[in-house]
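Accompanying notes for the structure given below.
Any value given below was found using the heavy atoms of this structure, including those in side chains, with hydrogens, waters and symmetry copies removed. Just so we're clear, the structure is a prediction, and the values are computed from it rather than from any experiment. Every number for a ligand or one of its atoms is a count from 1 in the order of the listing.
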Amino acid sequence: TLGEVAQETGCHAYAVGGFVRDLLLHIKNLDLDVVIEGDALAYAKKLGKKLGGKVRTHEKFGTAVVKLPDGFKIDIATARLEYYEYPAAMPTVELSSIKLDLYRRDFTINAMAIHLNPDTFGTLVDFFNCQNDLKDRQIRILHNLSFVEDPTRIFRAIRFEQRMGFKIGRHTEKLIKNAVKMELFDRFFGHRFFNELISILSEENPIPAIHRMADLGLLRFLHPTLRIEPKLATILEETRQALAWHRLLYLDEPCRQWLVYLLALMSSLPVREVVVFCERFEVPLRHRQFLGREKLAVTRIAAIMKRAMPETPSGMYHLLKDLSPEGLLHLMGLLKKKGCKKAISLYVTDWRQLKPETDGNDLAEMGYRTGPLYGTILRCLLDARLDGLVHDRASETAFIK
Ligand code: ATP
């Protein structure tokens, strides 16, 4: 259908980028990027109608997204001459628009296309010998000014390298080191970097990528004093284990892994430095507030637990009850003592689900009048339950009496 609509609209359509890379590697990828030589918006509207999908267009960028009822997402863009306004980085040769579009991409492995028009359907478009790099498992840039043009690509290189077990090519690695030396990052910060950092920290296991960033001297761009010392390495590993444990519980609560790793990375920095980081990388306000709040709360709780663990489950419960899932896992990553980890895991799996069986109606029946006392009694009952002093409605009633 994608190709037929292209033919009907009088344009050329290509699948591009990560979808083609993953297809050639036999890896599942549910996001399809399509580049159109021609009018991408007209194409998207027609495609949406034909497939019964929802179309959202961004006229300004000449892009559109078609969402199909089954959740499949197609990003559609116009083949464009430039991603960024750095004409100096471009050689002055005449190229077809798909060729230029591919040339502007980050790495050779992401710079292949598959023609979708019916008469050439399935033809691989590979202008830059990209298939070889895919075969050799190499991450290579397409031109020498690639990192000058867009330094966020350095983070992307590391992410792809570690995710796929590829290797950043020798020349590409040299250019990364040059970019680091030139302190290119001091000029380029902001939300695009932050988004790439989120992507790295969202990978299944981001720790090798963090070490690679450290080896390439990149951590200091996140913060000048950030180093992977043994203490931080241990915290990261403990964090990974805590996240793996949490995943296995299949709880119905969202937990943003990247935030847990970010908190771990920043664990040795004072909170005011986290604020500086957030400003530098234009972190959205909701994340800023979340990071600051959880960092302060977890630091306080970790200090208390290191000194002396609460003796009762209810004491532990009240210490932990205001933390988010991310905060709880961060705390688990920070604490070494087995007893501390055990208490947090019990809180997550059991304690926080507990409720007294007695409710307001029961209290009314017992002759209590509605009022603040209700809440106090129910809180006391919960504590008693946590500490094993009551275990069913009858013992709760006896406890109240
Ligand atoms: P993932 O599997 O992580 O989604 P992806 O390759 O699909 O990987 P996206 O970030 O979705 O990554 O980007 C889609 C495509 O857009 C890439 O394959 C690449 O060709 C291009 N691209 C993305 N970011 C850049 C960039 N900074 N510079 C050049 N090209 C880019």
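Of all atoms in ligand 1, numbered sequentially from 1 with element shown, those under 4.0 Å from a heavy atom of Asp150 are 26 (C), 27 (N), 28 (N). Ligand 1 places these atoms under 4.0 Å from at least one heavy atom of Arg21: 2 (O), 5 (P), 6 (O), 8 (O). For ligand 1 and Arg192, the ligand atoms under 4.0 Å from any heavy atom of the residue are 27 (N).
Outside the 6.0 Å centre-distance limit, the rings of His223 and Phe277 are not counted as a close aromatic pair. Aromatic ring centres of Phe127 and Tyr103: separated by at least 6.0 Å.
A donor-acceptor pair under 3.5 Å is formed between the side chain of Glu161 and the backbone N or O of Ile168.
For atom 28 (N) of ligand 1, the choice among Arg153, Arg159, Arg163, Glu196 with the nearest heavy atom turns out to be Arg153. Closest to atom 25 (C) of ligand 1 by heavy atom, among Arg156, Glu203, Arg105, is Arg156.
Between Phe194 and His287, the ring-plane angle classifies as tilted under the 30° and 60° cut-offs. Ring-plane geometry between Phe160 and Phe107 is classed as perpendicular, the angle between the planes exceeding 60 degrees on a 0 to 90 degree scale with a lower cut at 30.
Only side-chain heavy atoms of Asp33 come within less than 4.0 Å of ligand 1; its backbone N, CA, C and O stay farther off. Neither the backbone nor the side chain of Met164 comes within contact range of ligand 1; no heavy atom lies under 4.0 Å.
At least one heavy atom of Arg104 sits under 4.0 Å from some atom of ligand 1. Heavy-atom separations between Asp31 and ligand 1 are all 4.0 Å or longer. Between Phe160 and ligand 1 there is a heavy-atom distance shorter than 4.0 Å.
Within a 6.0 Å radius of CD in Glu59, other residues, nucleotides and ligands contribute more than 12 heavy atoms.
Residue contacts with ligand 1: Gly17 is placed with no nitrogen or oxygen under 3.5 Å of a nitrogen or oxygen of the ligand (distance criterion only).
Note that Arg256 lies in the cation-pi zone of Phe290, set by a 6.0 Å cut-off to the ring centre and a 45° limit from the axis.
Once rounded to the nearest 0.5 Å, the distance linking NZ of Lys177 with CZ of Phe147 reads 12.5 Å.
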